[in-house]
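Beneath this line is the structure, given in structure tokens, with notes to follow.
Atoms considered below: every heavy atom in the structure, side chains included; atoms not considered: hydrogens, waters and symmetry mates.
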Amino acid sequence: MMIVGVLLMIQGFGNALTRWLWGTDWGLLAVAGRAADLPPWAGVAVGLLGLVVAVAARLQGHRA
């Protein structure tokens, strides 16, 4: 789960950063944006979801 969380953070925050700096999409969200009309905050939402998954995986590791 930690790997999934890190990948979601990279894809989400990377897309949000490239959209903010250069006005273009990056990564898997760029591919998804071609198929569907995504809101501008989609990258941040995916990045935050990844952060939640990574934290949950880290906390789950401490309990085991």
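L7 and L48 are members of different hydrophobic clusters when ILVMFWY side chains are connected at heavy-atom separations under 4.5 Å. L38 and L49 fall within the same hydrophobic cluster, where Ile, Leu, Val, Met, Phe, Trp and Tyr residues are linked whenever their side-chain heavy atoms come under 4.5 Å apart, directly or through other members.
For the atom pair CG (L51) and CZ (F13), the distance works out to 6.0 Å, reported to the nearest 0.5 Å.
By the side chain to side chain contact (heavy atoms under 4.5 Å, CB included) test, M2 pairs with V6, A54, A57, R58, sequence neighbours left out.
Side-chain contacts under 4.5 Å among hydrophobic residues (ILVMFWY), followed directly or transitively, place W41 with no other residue at all.
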Give the table of side-chain donor-acceptor pairs shorter than 3.5 Å for residues 16-35, with sequence neighbours excluded, one pair per line with atom names and distance.
residue, atom, partner, partner atom, Å
T18, OG1, G14, O, 3.1
T18, OG1, N15, O, 3.0
T18, OG1, T24, O, 3.4
R19, NE, D25, OD1, 2.9
R19, NH2, D25, OD1, 2.8
R19, NH2, D25, OD2, 3.0

